[in-house]
Amino acid sequence: MTQDPLLTGLAALAAEPPEGLLDRIAARWVRVPGPIGELAVAYTDQGVAYVHAGEGFTEAYRERFGRPLMPAARPPAGLLPALRTGRLGALRLDLRGMSDFQREVLEVVRTIPRGEVRPYAYIASRIGRPTAVRAVGTALGRNPVPLLIPCHRVTRSDGVVGEYVFGAAAKERLLLAEGVDLDRVRTLAGERVFYLASDTTGVVCFPTCHNARRITPAHRHGFRSVAQARDAGYRPCRTCRPASQAGA
DNA sequence: CGCATGGCCCTTA
DNA sequence: TTAAGGGCCATGC
């Protein structure tokens, strides 16, 4: 009907988007096995953007991101190992659209090793906002990539496991599967012990820090606060950095 | 020591 | 624009 080059150009666009364009706009998604059952995972050319458990994945994705979704043939490289080992490896994440606060929280949480836990208040201190403790909880409740950014490893200061996007029961199962001795954490908490120190190294740790777990019982000392441990002559562990603030 | 309570700060409706 | 409330925490009986 017309030979208008603009129209033919547009028609070509509609029929066959240029390579890469679609991936910038849309996300792909796959179903994969995870440690707590089947997961739906969405990813873009930037990396994994969303991890969802249970029903209603596409609805939840669209409500939250409002972008088109296309099924993918296979999971992105590195996703399955990351879910299996609890370590990201080279897997990239797409965290665009998060607030600065949320990104800072997630960056710290990301560094908590498998098999260990840290309190919400610790995350708040690490990002330099020691009183924004509840806001940290809110941010983790909105973690778009649970399991990959291990928000299940953030627990309450009083030794209680606390809430979780996929439910408190799932959080507890995950931690046990990763080797966290929750019974011991709870026993210590009952004695008001939230830090463990070694009188051979002079270092004080969070109880689940791998350094704390190797302390011989005879040389182990429990403390209620880092301040008390300091007064007793201990210095904070450089690995788990108890009571450390941003920069400190 | 278990529970209640005020405090805090970011996000959402 | 504002107000309400949440994956919490430290106190005070």
Side-chain angles (χ1 to χ4, degrees), chain A residues 34-37 39 49-54 59-66 86 95-112 114 116-178 180 182-195 204 206-208 222-231 236 240-246 248:
Chain A
I36 50 167
L39 300 169
Y50 188 50
V51 173
H52 183 272
E59 296 79 3
Y61 180 87
R62 257 189 277 274
E63 177 170 349
R64 185 155 174 183
F65 296 92
L95 297 179
R96 290 173 299 177
M98 321 256 80
S99 70
D100 290 343
F101 177 83
Q102 196 159 74
R103 247 196 310 273
E104 287 179 66
V105 167
L106 294 178
E107 282 309 315
V108 175
V109 170
R110 196 174 171 154
T111 66
I112 307 173
R114 180 187 168 92
E116 303 187 21
V117 297
R118 302 282 183 272
Y120 291 90
Y122 165 81
I123 310 296
S125 283
R126 283 291 303 277
I127 65 173
R129 318 200 64 91
T131 57
V133 181
R134 298 195 70 165
V136 166
T138 311
L140 293 186
R142 299 272 306 166
N143 177 10
V145 286
L147 299 171
L148 297 178
I149 289 182
C151 56
H152 59 281
R153 295 178 194 149
V154 183
T155 56
R156 292 178 18 168
S157 299
D158 62 3
V160 177
V161 162
E163 287 301 324
Y164 184 48
V165 227
F166 297 155
K171 187 175 187 176
E172 181 153 347
R173 275 206 307 283
L174 283 167
L175 291 175
L176 289 173
E178 293 188 348
V180 178
L182 287 178
D183 284 337
R184 182 149 168 284
V185 169
R186 287 189 269 250
T187 302
L188 290 171
E191 301 162 356
R192 298 288 141 100
V193 169
F194 303 109
Y195 303 92
V204 59
F206 283 114
T208 59
F223 289 95
R224 183 173 183 164
S225 69
V226 176
Q228 291 174 3
R230 273 210 166 98
D231 290 346
C240 65
R241 304 176 63 183
S244 66
Q245 312 210 349

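Only this structure's heavy atoms are used, side chains among them; waters, hydrogens and symmetry mates stay out. To find a chain, count down the sequence lines: A is the first, B the second, and so on, and within it residues start at 1.
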>> Need the pair for C/dG7. Rule: Watson-Crick or G-U wobble, both distances under 3.5 Å, any strand; none if unpaired.
In response: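 Base partner found: none.
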
> Which base, if any, makes a Watson-Crick or G-U wobble pair with B/dC8, both distances under 3.5 Å?
Replying inline: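 Base-paired to nothing in any strand shown.
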
Over how many whole Å does the gap from [X] atom [atom1] to [N] atom [atom2] extend?
| X | N | atom1 | atom2 | answer |
| --- | --- | --- | --- | --- |
| A/Arg129 | C/dC9 | CZ | P | 17 Å |
| A/Phe194 | C/dT11 | CZ | C1' | 13 Å |
| A/Leu106 | B/dT11 | CG | P | 11 Å |

>> Looking at B/dT11, I'd like to know if its phosphate oxygens (OP1 or OP2) sit under 4.0 Å from a side-chain N or O belonging to A/Ser99.
In response: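 Yes, such a contact exists.
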
>> Taking only side-chain N and O atoms of A/Ser157, does any of them lie within less than 4.0 angstrom of OP1 or OP2 on C/dC9?
In response: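 Affirmative; the distance criterion is met.
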
> Do A/Glu178 and A/Arg153 sit within salt-bridge range, that is, some charged N less than 4.0 Å from a carboxylate O?
Replying inline: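 So A/Glu178 pairs with A/Arg153 through a salt bridge.
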
>> Measuring from the side chain of A/Ala135 (C-beta onward, heavy atoms only), which nucleotide among C/dC9, C/dG6, C/dG7 has the closest atom?
In response: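 For the A/Ala135 side chain, the nearest candidate turns out to be C/dG6.
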
>> If you only use heavy atoms from C-beta on, which nucleotide in C/dC9, B/dT12, B/dC10 is closest to the side chain of A/Arg142?
In response: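 Of the options given, the side chain of A/Arg142 lies nearest B/dT12.
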
> Is the backbone of A/Tyr122 close enough, under 3.5 Å, to the side chain of A/Ser125 for a donor and an acceptor to pair up by distance?
Replying inline: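 No, A/Ser125 side chain to A/Tyr122 backbone: no donor-acceptor pair under 3.5 Å.
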
>> Looking at A/Arg134 and B/dG7, is any side-chain donor or acceptor paired with a base atom of the opposite kind under 3.5 Å?
In response: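 Yes.
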
> Looking at C/dG7, does its base get a donor-acceptor pair with the side chain of A/Tyr120 below 3.5 Å?
Replying inline: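 Yes.
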
Pick base, sugar-phosphate or nothing for [X], based on heavy-atom distances below 4.0 Å to the nucleic acid.
| X | value |
| --- | --- |
| A/Val154 | base |
| A/Val165 | base |
| A/Thr131 | sugar-phosphate |

>> With nearest nucleotide decided by heavy atoms, which residue, A/Arg192 or A/Val133, maps closer to the 5′ end of DNA chain B?
In response: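 That would be A/Arg192.
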
> Taking for each residue the nucleotide of DNA chain B with the nearest heavy atom, is it A/Gly190 or A/Gln102 whose nucleotide lies nearer the 5' end?
Replying inline: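 Upstream on the strand: A/Gly190.
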
> Using the benzene-type ring in the case of Trp, are the ring centres of A/Tyr195 and A/Phe206 under 6.0 Å apart?
Replying inline: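 Yes.
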
>> Out of the candidates A/Ile36, A/Val161, A/Val180, only one should pair with A/Leu174 under the side-chain contact (heavy atoms from CB on, under 4.5 Å) rule; please name it.
In response: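 When side-chain contact (heavy atoms from CB on, under 4.5 Å) is applied between A/Leu174 and each of A/Ile36, A/Val161, A/Val180, only A/Ile36 qualifies.
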
>> Looking at every heavy atom in both A/Ile149 and A/Arg110, which two are closest together, and how far apart are they?
In response: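 That would be CG2-N, 4.3 Å.
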
